[in-house]
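Within every chain, numbering begins at 1; the chains are lettered A, B, ... in the order of the sequence lines, protein sequences first and strands thereafter.
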Amino acid sequence: MEKTETLEYTYKDFASDQEVRWCPGCGDYAILKSVQKVMPEVGIRKEDVVFVSGIGCSSRFPYYMDTYGFHSIHGRAPALATGVKLANPSLSVWQITGDGDALAIGGNHFIHAIRRNVDLNILLFNNRIYGLTKGQFSPTTDLGQKTKSSPQGTIDNPFNPGELVIGASGHFFARVADTNPKLMQAVFKEAAKHSGTSIVEIMQNCVIFNDKVYANYTAKENRADHIITIEHGKPMLFGANNEKGLVLRGFKLEAVTLGENGITEEDILVHDAYEEDNTVHMMLAKLKMPIVNGVIRAYKDDTFEMRLKKQVEEIERTSKFKSVNDLFTSGETWEIK
Amino acid sequence: MEKTETLEYTYKDFASDQEVRWCPGCGDYAILKSVQKVMPEVGIRKEDVVFVSGIGCSSRFPYYMDTYGFHSIHGRAPALATGVKLANPSLSVWQITGDGDALAIGGNHFIHAIRRNVDLNILLFNNRIYGLTKGQFSPTTDLGQKTKSSPQGTIDNPFNPGELVIGASGHFFARVADTNPKLMQAVFKEAAKHSGTSIVEIMQNCVIFNDKVYANYTAKENRADHIITIEHGKPMLFGANNEKGLVLRGFKLEAVTLGENGITEEDILVHDAYEEDNTVHMMLAKLKMPIVNGVIRAYKDDTFEMRLKKQVEEIERTSKFKSVNDLFTSGETWEIK
Amino acid sequence: MGTTAVQELDKVVIKFAGDSGDGMQLTGTQFTGTSALLGNDIATFPDYPAEIRAPQGTVAGVSGFQVHIGQTHIYTPGDQPDVLVAMNAAALKANISEVPRGKTIIIDIDNFKRKDWEKAGFAEDPLESGVLKDYHVIEAPITSLTRKALEGLGLDNKSITRSKNMFALGMVYWMFSRPLDYTERFLKDKFAKKELIYEGNVKALKAGYNYAETIEALSSASTILPADMAPGLYKNIMGNEATAWGFLAAAEKAGKELFLGSYPITPASEILHEISKHKHFGAKAFQAEDEIAGITSAIGAAFAGDLAITTTSGPGLALKGEALGLAVMTELPLVVVDVQRGGPSTGLPTKTEQSDLMQALYGRNGESPVIVVAAKSPAHCFDMAFMASKLALEHVTPVVLLTDGYVANGSQPWRIKQVEDLDDIVPHEASKNMMNWQPYERDTASLARYMVYPGMAGYEHRIGGLEKDHITGNISYDPRNHEEMVRIREEKVQRVANYIPDLEVQGEESGELLVVGWGGTYGSLTTAINQCQAQGRPVGHAHFSFIKPLPKNTAEVFGRFKKIVVCELNNGQLVNYLRGELPQFDYLQYNKIQGLPFRVAELTEKIADILAGK
Amino acid sequence: MGTTAVQELDKVVIKFAGDSGDGMQLTGTQFTGTSALLGNDIATFPDYPAEIRAPQGTVAGVSGFQVHIGQTHIYTPGDQPDVLVAMNAAALKANISEVPRGKTIIIDIDNFKRKDWEKAGFAEDPLESGVLKDYHVIEAPITSLTRKALEGLGLDNKSITRSKNMFALGMVYWMFSRPLDYTERFLKDKFAKKELIYEGNVKALKAGYNYAETIEALSSASTILPADMAPGLYKNIMGNEATAWGFLAAAEKAGKELFLGSYPITPASEILHEISKHKHFGAKAFQAEDEIAGITSAIGAAFAGDLAITTTSGPGLALKGEALGLAVMTELPLVVVDVQRGGPSTGLPTKTEQSDLMQALYGRNGESPVIVVAAKSPAHCFDMAFMASKLALEHVTPVVLLTDGYVANGSQPWRIKQVEDLDDIVPHEASKNMMNWQPYERDTASLARYMVYPGMAGYEHRIGGLEKDHITGNISYDPRNHEEMVRIREEKVQRVANYIPDLEVQGEESGELLVVGWGGTYGSLTTAINQCQAQGRPVGHAHFSFIKPLPKNTAEVFGRFKKIVVCELNNGQLVNYLRGELPQFDYLQYNKIQGLPFRVAELTEKIADILAGK
Ligand SMILES: Cc1ncc(C[n+]2csc(CCOP(=O)(O)OP(=O)(O)O)c2C)c(N)n1
Ligand SMILES: Cc1ncc(C[n+]2csc(CCOP(=O)(O)OP(=O)(O)O)c2C)c(N)n1
Ligand code: SF4
Ligand code: SF4
Ligand SMILES: [Mg+2]
Ligand SMILES: [Mg+2]
């Protein structure tokens with residue numbers, strides 16, 4: 001084993017020697033490839049990268065990355081990743097999770113990681129199903145869908161991950177489909193760059209237990225009209241020829257066609273991902289048709305570890321105990337001879 | 001023990017024989033009194049009322065109600081209450097919880113109960129501190145506040161319960177201060193009436209570990225100007241003489257004074273608690289000055305147990321198994337003689 | 001194995017193995033069903049690849065289904081196949097070490113090309129390297145023969161290739177003189193709306209049957225005569241299904257609705273799936289957000305008057321520990337099912353093990369006794385789920401039911417029960433005319449408290465996780481009351497010994513050696529003891545289904561033998577519990593921790609060693 | 001107790017008791033501090049009301065502080081007070097049954113009015129009913145005398161009333177000839193910015209002192225001479241504080257940062273509070289959202305190279321079970337502290353118990369061995385926290401450290417250690433020039449694997465909760481590998497026996513009876529054994545701080561005695577573990593489950609009974 005002497009990686013440097021074991025056709029392959037492709041551009045030495053996951057098909061991910069990795073237990077990866085990052089803030093810490101792992105058993109750790117704004121990059125593989133355990137409904141499964149554990153259809157309302165993230169005071173939220181490698185890479189890079197907890201929801205297809213769940217959005221014939229990809233500073237346009245866009249009507253977003261009813265590009269909303277107020281971000285996250293892809297929110301604020309560092313410096317300056325020994329001998333003591 | 005023969009209760013009928021053991025001056029007393037006062041008006045026989053709680057000062061509450069009660073374990077009351085309600089949907093099920101109980105250890109059950117929309121009435125005693133364990137910071141403690149476990153001030157961003165609830169697809173959210181018994185009673189009644197998960201955040205004062213945390217809102221001299229109490233169908237006015245109100249500026253709510261800058265009552269937003277879209281509700285929940293009290297959101301939809309009932313009826317109609325015995329003899333069988 | 005061959009002539013073990021996509025589970029199930037209808041006793045064990053679908057053609061992707069059929073009683077899916085059907089090179093690679101020399105291996109040579117055996121991890125061509133030289137090998141071009149048979153039918157390529165499992169099944173049916181009609185009926189049902197596919201499958205099935213006849217696949221095609229089973233109506237049942245049905249029956253018998261709070265986990269999920277189908281029997285299957293919500297929702301349902309259960313596997317039971325303590329403290333009826341798998345941690349999720357016994361007994365804070373029981377076989381899961389419910393409701397206390405991956409996924413003929421035939425369940429509840437009812441007043445015999453549910457006027461009361469006064473249930477910090485309550489909770493569980501059957505001994509009633517086991521190893525141990533007896537070895541076998549409390553006659557039974565050996569699929573958990581409970585005996589132990597059941601041969605060898613003083 | 005009076009002449013037990021708001025904890029601490037400075041050995045035990053502040057003047061609201069001081073070694077806070085200070089009727093009610101007849105009771109008669117004693121639950125006026133007739137009662141109008149003393153000082157009423165504890169303290173100081181300067185200094189510091197309150201307090205203190213002198217509160221005011229303690233610098237330390245400091249010292253010694261992931265819970269929270277104060281020592285105290293996040297964040301920190309710990313009490317340990325299994329499986333260094341309290345479930349949160357031993361040993365799925373150690377006394381918490389860290393880092397395995405509410409809240413003089421004086425800690429890590437490092441390669445002696453942390457180039461690797469190959473750490477479903485790994489993980493823990501001290505025997509080295517205990521009962525047992533010896537009873541005492549593995553000489557020690565009795569504050573947990581580990585011995589047991597420590601008298605009586613063959 002020698003030290004890697006250069007940062008000029010190719011994506012192959014990030015592929016481990018382990019055989020990839022997802023079902024043929026699983027959306028996870030494309031995500032893996034995109035992550036491996038983006039890593040060289042993130043500009044971090046691979047020994048400084050850690051992938052942490054819970055349990056699920058998606059959570060096998062760390063084994064396939066030739067970085068440090070921890071395949072932990074179901075739902076707890078956000079807390080484990082927080083521990084990694086606080087122990088060594090110079091690491092680039094990524095968490096891979098599924099809709100069950102993040103939003104069912106792991107929901108609490110997920111929202112608390114978001115609240116604290118530790119600098120983690122969390123990729124949420126949302127296939128709206130429990131893949132690994134062979135097809136039960138998840139907290140994002142459509143209302144009424146029949147699955148192994150809902151033979152007559154589910155009766156619980158699904159979460160919308162974006163709403164939950166922003167409601168938990170999330171600073172960064174993005175969404176992207178597993179069918180769009182270019183956008184995946186762009187978005188992963190943004191997530192890596194953003195300091196604070198970044199959540200990327202990936203619309204991932206499970207060919208075995210929930211095939212075509214996103215086909216209405218991602219099928220070739222639907223894509224242009226059913227997905228809008230937004231970018232900071234740009235007007236929110238979509239359609240095969242960017243002929244449609246989003247405008248605000250009262251308190252709601254509405255899709256319109258340029259030229260119709262006197263609508264011009266002026267009327268189209270311009271995306272501000274960076275602003276603190278999350279009202280528009282929430283609307284974008286909620287929108288169902290078209291569904292919004294791209295970085296929806298990227299508000300910058302202190303991270304948990306930055307604040308911790310500041311606090312430590314402050315105590316160093318002010319504490320009367322300069323060492324553990326000082327502490328031990330502090331207070332009332334007496335000598336016995 | 002005899003059967004209660006009348007629904008003409010007074011609040012004393014709801015007081016159990018157990019000595020109330022909160023600190024003198026604790027906000028919990030006023031909440032208890034308000035709940036006891038409202039119960040006769042809810043129109044449910046007391047044997048059909050169940051109070052479920054987790055652990056915390058607030059969670060002692062069920063002992064003081066002369067109804068059925070379950071003081072369970074820390075954070076799990078939403079799930080336990082869900083079990084009670086599903087086992088017997090004719091019960092009126094109330095959950096009492098603290099900011100630690102509901103939002104720290106119990107965060108996941110809290111958001112999932114909300115998502116499912118089981119008909120529970122959840123009263124969240126938010127004193128922004130862990131009372132029972134003697135004063136550590138909670139997920140709602142102000143950033144920077146010094147507590148037993150944050151001697152140099154907290155470094156995590158607090159949750160805003162309202163945002164979290166609505167982000168988790170909450171259908172009912174209200175907020176009220178423990179200093180306002182009249183409003184508490186009105187709001188509790190609304191919560192009881194609402195079918196689905198109702199969350200009421202109570203700004204509760206812990207005299208011992210977080211005294212005066214809401215004084216900026218609730219102190220006599222601040223109340224009128226720092227709290228706005230809203231009501232469905234009414235304009236959002238506040239101030240000692242209702243001389244102020246809320247208007248929409250861009251994507252944000254703003255407090256204005258009637259008569260200034262040409263503002264008239266026409267400009268003031270009228271509250272619609274019942275509408276499905278949660279954008280304005282979210283803004284109201286987020287507002288810090290003035291803080292919004294009253295029922296912020298009360299959107300009506302099917303409850304989990306209603307859907308369950310429908311499903312059961314459907315299966316009864318369609319299933320080929322009319323009894324367990326049918327099921328057992330179904331499929332391939334063979335006789336051995 | 002040589003020594004046991006004589007006894008096994010009336011039985012046969014067949015293993016179907018192929019790629020995950022090759023339909024081996026279905027093939028195995030069909031063979032099982034057909035044989036059951038012929039009156040054979042059977043035991044099956046599916047052997048899935050671990051968790052995730054692995055690349056085609058690799059060993060990791062091999063899916064197998066083993067079936068043991070016989071004319072006498074069958075207790076296990078069999079140690080080692082007499083016939084292995086290997087649909088590709090990986091299936092051979094994965095299974096050959098298990099097949100004793102001299103046995104039959106059927107090979108689809110279409111999938112034994114260089115790329116196939118390389119992918120399977122053979123260094124050389126197995127058809128040539130000599131690894132098969134001691135076997136009776138039947139090389140058949142199954143894939144291409146299937147293709148030919150279905151030519152011109154108008155089926156697409158994929159569907160044609162998929163039918164090859166029926167071709168293989170047809171061959172095996174001929175070899176063991178099974179009729180085809182069971183499977184034909186099945187196919188008709190399954191492809192009711194896909195006429196073409198139905199035809200293709202039947203054609204392949206018959207083609208395989210005929211092909212075997214043509215090549216005289218076995219010198220003498222052997223038939224297994226029907227087994228000598230108690231009269232009655234039978235059906236084939238899987239362990240998890242039997243567990244679910246046991247609860248459905250218990251709820252009906254107790255006059256209660258069933259509430260299941262659960263979170264999916266391998267290998268327990270099927271219980272949730274099964275109960276989810278029957279909501280109209282008053283069975284509420286609630287898929288919770290996690291295991292903790294699974295158990296706490298069940299606790300709420302128990303408080304409100306349902307028969308409340310929660311199902312999981314080892315890691316899930318770990319998560320339920322705190323809440324199970326709440327059920328102990330509040331004294332509520334609750335059944336917790338743990339379908340054990342290989343541990344620790346995520347461990348070997350699809351493999352079997354008996355390593356959660358200590359956790360079931362002790363995995364909570366404080367002195368926290370629960371009843372612990374275990375199921376012996378797939379069909380026995382029905383009885384134990386029923387019994388666990390009965391104990392919980394009648395003794396007002398949590399019960400942990402331990403099954404395991406082997407029992408849960410295995411199948412067995414089940415003599416169908418009807419609700420009328422089952423024991424009564426009388427939940428221990430306060431009656432309306434009970435004078436001065438108090439929440440923690442007890443029945444003097446069982447020490448069970450009298451349940452009252454919300455909705456009953458005048459009985460309003462509060463319970464919780466703090467220590468409570470031994471009568472009123474109000475919070476009590478009184479030191480003596482605490483000590484009394486700790487002892488009562490333990491004693492209440494111990495008194496259950498008065499309500500459960502005695503420990504029975506199979507084989508010798510006394511003498512040299514008692515072989516002790518519990519739960520899912522019943523089949524292996526029983527078969528081993530039968531063999532030992534047939535060989536004139538003086539051994540008895542006592543098998544625990546009731547672990548806490550132990551049956552009342554346990555010490556008496558143990559006392560009748562000179563030596564005791566406790567056999568477990570763990571590192572020695574029951575044996576340590578027995579050392580604590582009955583320290584007056586010396587215990588030997590035999591442990592296997594490989595994620596696999598005991599093999600009969602291992603056991604007979606160990607027994608022989610002990611008897612020989614080794 | 002009569003028989004022990006002679007031995008106790010050189011010690012005295014004083015209990016200060018009053019309402020929660022009366023400042024009794026402070027009063028007790030002051031008396032302790034003053035006595036410590038005089039060179040006495042001391043042991044203290046605060047006795048808070050349960051959880052929530054109860055209504056004033058009720059028994060539930062009584063707060064007490066017991067201090068035991070002496071000129072010889074003190075091991076417990078004392079069974080029963082020689083002097084009780086009762087600031088109100090409830091304080092008398094709550095404590096009188098503990099005070100032996102003939103002892104002194106100081107009473108603030110201002111708080112013994114009818115409404116007071118009624119509220120306290122007396123049926124009659126205790127000053128008249130005769131309940132006090134066998135005691136030496138000193139009735140003093142403490143509240144009104146305090147008011148008078150502070151008249152005209154300009155203090156508000158509330159502050160005046162609050163000073164009455166200083167008046168009482170002054171009285172007791174006089175009775176035991178303590179100087180006032182320690183407390184005067186303390187008050188000066190505390191009220192540096194509140195001159196008036198400072199003055200009031202000092203005035204009350206002196207007034208109390210003078211009042212006692214005036215009324216000659218004791219016929220002869222007794223002094224306790226300094227104890228015979230090892231030379232050195234001392235300070236008074238509480239158990240939880242000592243635990244925190246032990247970890248701070250271990251981190252420094254190991255050259256690591258300390259990471260604590262924790263969720264508050266009684267009686268463990270103070271460890272979190274203490275470590276939170278010292279972030280600048282590289283000590284990261286992370287208050288997590290729950291116990292599971294507490295431990296999993298610590299696991300992450302361990303993986304990344306910190307000394308990682310998590311602290312909790314029983315219900316929290318139950319929640320950590322699944323994750324602790326992950327640490328076992330991945331083999332990471334981690335210390336889990338469980339400050340035990342009364343269980344099951346929420347139980348008796350402010351009371352002490354030793355009922356989490358089984359949970360620590362077995363509370364997880366699968367075969368999941370961890371090192372289990374326990375602290376004997378408040379100051380010993382320092383040593384065991386240090387030792388637990390050393391074992392975790394050097395053996396690369398999780399360690400559970402058990403303390404309890406009694407030890408955690410008690411205090412004791414601690415001979416101050418400096419980091420230089422402590423044993424080295426050498427984390428078991430791969431060096432950069434290690435050839436062919438593999439994640440699960442092991443040291444042949446300890447079987448510890450060699451840790452590598454993220455950041456080290458060329459050593460990138462992945463770990464997880466699935467079973468892993470015994471060398472590479474890659475996922476492995478191989479049956480034999482699993483069995484090997486199960487055995488290695490157990491053996492690794494067992495080999496720790498080669499690195500820990502032998503079991504020592506106090507009292508007789510062999511003979512009639514060995515008294516066995518573990519953890520926080522050390523003080524009571526030691527005192528009892530000392531008394532037995534002084535009475536010529538031939539008993540030895542072996543006390544376990546290392547439970548899994550047991551010290552190597554355990555069997556040898558046990559073998560030297562005819563009888564063994566295991567004394568525990570639970571229903572028999574260590575004793576059952578010993579029956580499993582060393583089944584060759586017969587064990588008697590003595591258990592108390594009242595949320596209270598053993599009383600010395602109970603123990604000596606039990607010992608006498610056993611020796612007498614009862
Ligand atoms: C404590 C625990 N509970 C349950 C499981 C079983 N389990 C494993 S993965 C999973 C859900 C998988 O769904 P998701 O997170 O959406 O991942 P996917 O497989 O779809 O990628 C479940 C329920 C487990 N491994 N551990
Ligand atoms: C499993 C578990 N963890 C921790 C605790 C300790 N604990 C009890 S209540 C509480 C927090 C109380 O805060 P909150 O919910 O805000 O209620 P409050 O006392 O403020 O009303 C904690 C941490 C516990 N009882 N159980
Ligand atoms: S089950 Fe679904 S999510 Fe899992 S590997 Fe297969 S296709 Fe992918
Ligand atoms: S500690 Fe605070 S919240 Fe708890 S009872 Fe006292 S005042 Fe109320
Ligand atoms: Mg999923
Ligand atoms: Mg609180």
Side-chain angles (χ1 to χ4, degrees), chain B residues 1-4 16 18 45-53 55 62-63 65-73 75-88 90-91 108-109 111-112 308 311-316 319 321 323-325 327-337, chain C residues 33 36-37 39 182 226 229-236 245 248-249 252 257 259 261 278-281 284 286 288-290 292-293 296-306 308 322-323 326 330 416-419 436-437 453-466 474-475:
Chain B
M1 242 153 284
E2 322 134 71
K3 214 165 136 69
T4 311
S16 80
Q18 296 296 295
R45 310 184 67 89
K46 69 183 198 171
E47 64 268 26
D48 292 332
V49 176
V50 182
F51 276 82
V52 174
S53 67
I55 300 283
Y63 291 117
M65 294 294 300
D66 194 28
T67 65
Y68 283 91
F70 202 143
H71 179 223
S72 76
I73 45 176
R76 317 304 173 186
L80 201 146
T82 296
V84 170
K85 183 75 185 177
L86 296 185
N88 185 352
S90 68
L91 299 173
N108 204 31
H109 311 302
I111 59 177
H112 279 269
L308 181 62
Q311 195 163 71
V312 168
E313 286 162 4
E314 170 72 13
I315 310 171
E316 264 163 7
S319 173
F321 308 125
S323 73
V324 171
N325 282 347
L327 172 67
F328 293 174
T329 47
S330 67
E332 292 292 345
T333 62
W334 67 94
E335 179 95 30
I336 291 186
K337 289 192 180 129
Chain C
L37 281 184
Y182 174 84
M229 289 162 78
L233 192 66
Y234 281 80
K235 71 175 298 169
N236 210 21
W245 289 13
L248 290 174
E252 180 143 336
E257 302 213 322
F259 182 93
H278 307 297
K279 296 202 174 119
H280 61 308
F281 297 156
K284 286 155 283 191
F286 174 64
E289 57 273 23
D290 64 12
I292 302 178
T296 43
S297 61
I299 290 174
F303 177 67
D306 276 2
E322 192 210 2
L326 177 66
T330 48
I416 294 173
K417 304 217 165 96
Q418 295 282 279
V419 173
N436 297 318
W437 172 84
Y453 312 116
M456 195 156 153
Y459 288 68
E460 292 82 4
H461 67 284
R462 276 81 33 205
I463 64 173
L466 287 161
N474 291 334
I475 300 174

Next item on the list: Can you see which heavy atom on H280(C) is nearest to which on S319(B), and at what distance?
Entry: NE2-OG, 3.2 Å
Next item on the list: Flag the pair L80(B) / F303(C) as yes when at least one side-chain heavy-atom distance between them is below 4.5 Å, and no otherwise.
Entry: no
Checklist line | Non-hydrogen atoms of L91(B) and A304(C) that approach each other most closely | finding: CD1-CB, 4.5 Å
Margin query: Under a 4.5 Å cutoff for heavy-atom pairs, which residue among G305(C), A249(C), A302(C), A301(C) has the most contacts with chain B?
Written below: A301(C)
Note to self: Whether R462(C) and D66(B) form a salt bridge (side-chain N of Lys/Arg under 4.0 Å from carboxylate O of Asp/Glu) is what I want to check.
What the structure shows: yes
Checklist line | Top of S297(C), A323(C), G464(C) for chain B proximity - count of heavy-atom pairs under 4.5 angstrom | finding: S297(C)
Next item on the list: Please flag which part of L326(C) lies under 4.5 Å from any non-hydrogen atom of chain B: side chain, backbone, both or neither.
Entry: side chain
Checklist line | Part of L37(C) within contact of chain B (heavy atom distance under 4.5 Å) | finding: both
Next item on the list: Between chain C and each of T82(B), V312(B), I73(B), count heavy-atom pairs under 4.5 Å; write down the option with the most.
Entry: I73(B)
Show me the donor-acceptor pairs within less than 3.5 Å that the side chains of residues 330-337 of chain B make with the rest of the protein, sequence neighbours left out.
residue : atom : partner : partner atom : Å
S330(B) : OG   : L327(B) : O            : 2.5
W334(B) : NE1  : A36(C)  : O            : 3.2

Check: Hey, what do you get for OG1 (T329(B)) to NZ (K235(C)), rounding to the nearest 0.5 Å?
Finding: 7.5 Å
Notebook entry, point to check: Of the non-hydrogen atoms in V84(B) and G300(C), which two are nearest, and what is the gap between them?
Noted result: CG2-O, 3.3 Å
Notebook entry, point to check: In terms of heavy-atom proximity below 4.5 Å to chain C, should V324(B) be classed as side chain, backbone, both, or neither?
Noted result: both
Item checked: Side-chain heavy atoms of H109(B) within contact of I292(C), under 4.5 Å -> yes
Note to self: Once you measure the plane-to-plane angle for W245(C) and F328(B), does it fall in the parallel (<30°), tilted (30-60°) or perpendicular (>60°) bin?
What the structure shows: parallel
Margin query: Quick check for you: to the nearest 0.5 Å, what is the distance between H461(C) atom NE2 and S16(B) atom OG?
Written below: 13.0 Å
Item checked: Option that, when pairs with chain B are counted at under 4.5 Å, heavy atom only, ranks first among N474(C), I463(C), I416(C) -> I463(C)
Checklist line | Part of F259(C) within contact of chain B (heavy atom distance under 4.5 Å) | finding: side chain
Next item on the list: May I ask you to test the F286(C)-L86(B) pair for a side-chain heavy-atom distance under 4.5 Å?
Entry: yes
Item checked: When P454(C), G465(C), A298(C) are compared by non-hydrogen pairs under 4.5 Å with chain B, the top option -> P454(C)
Next item on the list: Under 4.5 Å heavy-atom distance to chain C, tell me which part of E314(B) shows up: side chain, backbone, both or neither.
Entry: neither
Check: With only heavy atoms counted, which part of Q418(C) is less than 4.5 Å from chain B, the side chain, the backbone, both or neither?
Finding: both
Margin query: Going by side chain to side chain contact (heavy atoms under 4.5 Å, CB included), name the residues that satisfy it together with Q311(B), two or more places apart in sequence or in a different chain.
Written below: Q152(A), I155(A), I315(B), K279(C)
Notebook entry, point to check: So what's closer than 4.5 Å to chain C heavy atoms on F51(B): side chain, backbone, both or neither?
Noted result: neither
Margin query: Is Y182(C) in contact with chain B via its backbone, its side chain, both, or neither, using a 4.5 Å heavy-atom distance?
Written below: side chain
Check: Relative to chain B, which segment of A230(C) carries a heavy atom at a distance below 4.5 Å: side chain, backbone, both, or neither?
Finding: backbone
Item checked: Greatest number of heavy atom pairs closer than 4.5 Å to chain C - which of Q18(B), E313(B), M65(B) -> Q18(B)
Next item on the list: Measure the CG-CE distance between D48(B) and M456(C) for me, rounded to the nearest 0.5 Å.
Entry: 13.0 Å
Note to self: Quick check for you: among S53(B), G83(B), P78(B), which has the greatest number of heavy-atom pairs under 4.5 Å with chain C?
What the structure shows: G83(B)
Check: Does some side-chain heavy atom of Y459(C) sit less than 4.5 Å from a side-chain heavy atom of Y68(B)?
Finding: yes
Check: Shortest non-hydrogen contact from F321(B) to H278(C)?
Finding: CD1-CE1, 4.1 Å
